[in-house]
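These notes are about the structure you will find just below.
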Amino acid sequence: MDLNYSPDEAAFREEVRGWLSANLPQDLKQKVASYAHLSKDDLLRWHRILAKQGWVAPAWPKEWGGTGWNVVQRYIFDEELGYAGAPPLIPFGLTMCAAVLLRFGTEAQKKRFLPRIYHGDDFWCQGYSEPGSGSDLASLKTKAIKDKDSYVVNGQKIWTTLAHYADWIFCLVRTDPGAGRRQEGISFLLIDMKTPGITVRPLMLMDGAHEVNEVFFDDVAVPAENLVHEEGKGWTVAKYLLGYERMNTGRIGESRRQLAALKEFASARIQDTRFRDRLSRLEIELMALEITNLRFLDRMRRTGQPPGADVSMLKIKGTEIQQGITERRKYLSMRKTTIYAGSNEIQRNIIAKMTLGL
Ligand SMILES: Cc1cc2nc3c(=O)[nH]c(=O)nc-3n(C[C@H](O)[C@H](O)[C@H](O)COP(=O)(O)OP(=O)(O)OC[C@H]3O[C@@H](n4cnc5c(N)ncnc54)[C@H](O)[C@@H]3O)c2cc1C
């Protein structure tokens, strides 16, 4: 096992770091450092700066704008973005919908949607969860009934992050309520948020922020050409996408930056030994997370295999560390990290089943 970066990888890190220090706008960096609200314009400005540099979608195939970087380079890039304090790249279009289109989309769907995602022309959101169907996603009820060349959608999604910014939503819908297993009869639809019959209502989080929404569908007509993969095979698409959703929840670079800021703040002011003990503990846990991540990277580098259930470990530890580090400034806001992208209890179930064979 080789847990060191090669000289080429170290040089790549320097290149990324140098570019970020010259190109990350100071006002955005300051907003991120002070946990200020990032507007849609802020998010898109940064997205477009990276798109212009050709770095906004490193994992995509080169023909669609990917960089051709290997898995370690992509990890280094993510870590440096977090460490530099760059605004997040919203994953719904770039990481999730794009991965699905690249794997299951028709050529026409790829040509229509991928370039617009790349350039930040369309803002996407994710319509999976419903009231009563979060962890138990396969129980979802939003219906889509085929009527000639359209699906007519009725139902409700909930916790839809940034739906109030979105131009498009990708949705899991039930196209065959009579199918034998619950996982059958679900389909994956791309829906234009401007379609008549869609209502977005804000849900305020307990820190007062407006991030998530309810989205209601009332006889919404969706062209049949917006179905991805086969009708009734949406569960296959859904599971494929969830792997991508969990990939980047560890956020090691961001945690390193926040921990460094916390240590600087605390060193001169806080002598309390229990506080210092907690801080040291967090630092050690973050180092352990980094080493675990390097182990996965080494295995992926050698075998070319995706990480599978291991991603769940990074999600659990990464989000617990994020909560620990940000307790001073973002206690209420960060409770969500152990719930979204599959709650940490569900991640533990995945590890128990897939890794420990329980
Ligand atoms: C801030 C935020 C943003 C979100 N953004 C989106 C989004 O953009 N799009 C989207 O589709 N969804 C989104 N979600 C929804 C998220 O995926 C769900 O909240 C999550 O899957 C949990 O589902 P639930 O809320 O229905 O809780 P439930 O599934 O009802 O779970 C309640 C509690 O029971 C536990 N639990 C449930 N089942 C089990 C089990 N089998 N074993 C052990 N424990 C269990 C859970 O861990 C949790 O603690 C978001 C959620 C939040 C908080």
Side-chain angles (χ1 to χ4, degrees), residues 35 37-38 40 43 88-97 99-100 123-142 153 155-174 182-183 186-191 193 198 200-217 234-235 237-249 251 309 311-312 315-316 318-320 322-323 326 330-354 356 358:
Y35 300 100
H37 168 73
L38 290 162
K40 182 175 178 180
L43 296 169
L89 283 171
I90 301 303
F92 305 117
L94 273 179
T95 314
M96 300 185 197
C97 189
V100 161
F123 202 109
W124 283 79
C125 64
Q126 177 187 22
Y128 270 27
S129 306
E130 296 180 8
S133 304
S135 305
D136 185 19
L137 189 58
S139 68
L140 65 93
K141 294 184 189 62
T142 294
V153 180
Q156 182 196 347
K157 296 292 171 181
I158 196 167
W159 308 119
T160 322
T161 301
L162 302 184
H164 52 304
Y165 290 174
D167 303 297
W168 285 81
I169 182 168
F170 57 83
C171 276
L172 289 179
V173 291
R174 194 163 289 286
R182 293 186 317 166
Q183 286 81 357
I186 291 176
S187 300
F188 192 96
L189 276 187
L190 311 176
I191 306 180
M193 291 291 280
I198 298 183
V200 177
R201 279 201 212 140
L203 286 172
M204 304 315 281
L205 293 179
M206 62 180 171
D207 66 345
H210 176 200
E211 266 175 38
V212 293
N213 303 273
E214 295 178 289
V215 182
F216 296 88
F217 298 87
W235 193 248
V237 182
K239 281 194 301 183
Y240 182 79
L241 186 146
L242 286 174
Y244 280 87
E245 183 176 8
R246 285 164 197 164
M247 276 300 263
N248 195 25
T249 39
R251 298 201 182 158
V311 173
S312 295
K315 203 256 159 174
I316 294 170
T319 50
E320 286 176 358
Q322 285 159 41
Q323 289 184 340
T326 54
K330 294 277 280 180
Y331 180 85
L332 293 177
S333 170
M334 295 304 276
R335 296 309 97 194
K336 65 192 173 196
T337 61
T338 45
I339 302 172
Y340 62 45
S343 74
N344 284 17
E345 289 79 18
I346 295 298
Q347 305 302 328
R348 287 191 174 88
N349 287 352
I350 293 172
I351 294 171
K353 207 162 140 190
M354 310 294 285
L356 306 175
L358 298 175

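Counting starts at 1 for both ligands and their atoms, following the listed order. Numbers for residues simply follow the sequence, beginning at 1.
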Heavy atoms only: which of Thr338, Val215, Thr161 is nearest to atom 3 (C) of ligand 1? Thr161

Take Phe217 and Ile191 through the test side chain to side chain contact (heavy atoms under 4.5 Å, CB included) and record every step on the way to the result. CA-CA 10 Å; Phe217 298 87; Ile191 306 180; 3.9 Å; yes

Tell me, which protein residue and heavy-atom name are nearest [atom], and how many Å apart are they?
{"atom": "atom 39 (C) of ligand 1", "answer": "Ile346 CD1, 3.6 Å"}
{"atom": "atom 7 (C) of ligand 1", "answer": "Trp159 O, 3.1 Å"}
{"atom": "atom 17 (O) of ligand 1", "answer": "Ser129 OG, 3.5 Å"}
{"atom": "atom 26 (O) of ligand 1", "answer": "Gly134 CA, 3.3 Å"}
{"atom": "atom 31 (O) of ligand 1", "answer": "Ser135 OG, 3.7 Å"}
{"atom": "atom 19 (O) of ligand 1", "answer": "Ile339 CG2, 3.6 Å"}
{"atom": "atom 42 (N) of ligand 1", "answer": "Asn349 ND2, 3.0 Å"}
{"atom": "atom 48 (C) of ligand 1", "answer": "Glu345 OE1, 4.2 Å"}

If only atom types and distance count, is the side chain of Arg251 paired as donor or acceptor with the main-chain N or O of Gln322 below 3.5 Å? no

Is there a donor-acceptor pair closer than 3.5 Å between any side-chain N or O of Asp207 and the backbone N or O of Ala209? yes

Would you say [atom] has a protein heavy atom nearer than 4.0 Å?
{"atom": "atom 33 (C) of ligand 1", "answer": "no"}
{"atom": "atom 9 (N) of ligand 1", "answer": "yes"}
{"atom": "atom 13 (C) of ligand 1", "answer": "yes"}

Are Thr161 and Gln126 close enough that some pair of their side-chain heavy atoms sits under 4.5 Å apart? no

I want to check something: taking the side chain as every heavy atom from C-beta on, are Phe170 and Tyr128 in contact at a cut-off of under 4.5 Å? yes

Would you mind checking if Arg348 and Glu320 are paired as a salt bridge, meaning a charged N to carboxylate O distance below 4.0 Å? yes

Answer yes or no: is there an ion pair linking Arg182 with Asp136, defined by an N-O contact shorter than 4.0 Å? yes

Below 3.5 Å, N or O to N or O, backbone or side chain included: is there any such pair between Gln126 and ligand 1? yes

Any nitrogen or oxygen of Glu130 lying under 3.5 Å from a nitrogen or oxygen in ligand 1? Just yes or no. no

With heavy-atom distances below 4.0 Å as the criterion, list the atoms of ligand 1 near [X].
{"X": "Lys336", "result": "1 (C)"}
{"X": "Val212", "result": "1 (C), 2 (C), 3 (C)"}
{"X": "Tyr128", "result": "11 (O)"}
{"X": "Ser343", "result": "46 (C), 47 (O)"}

Identified side-chain contact (heavy atoms from CB on, under 4.5 Å) counterpart of Asn344 within the set Thr338, Thr337, Asn349: Thr338

Heavy-atom neighbours of Tyr35 OH exceed 12 at 6.0 Å: yes

Tell me if the NZ atom of Lys40 is crowded by more than 12 foreign heavy atoms within 6.0 Å. yes

We want to know whether Thr142 and Gln156 form a side-chain donor-acceptor pair, criterion being a heavy-atom distance below 3.5 angstrom. no

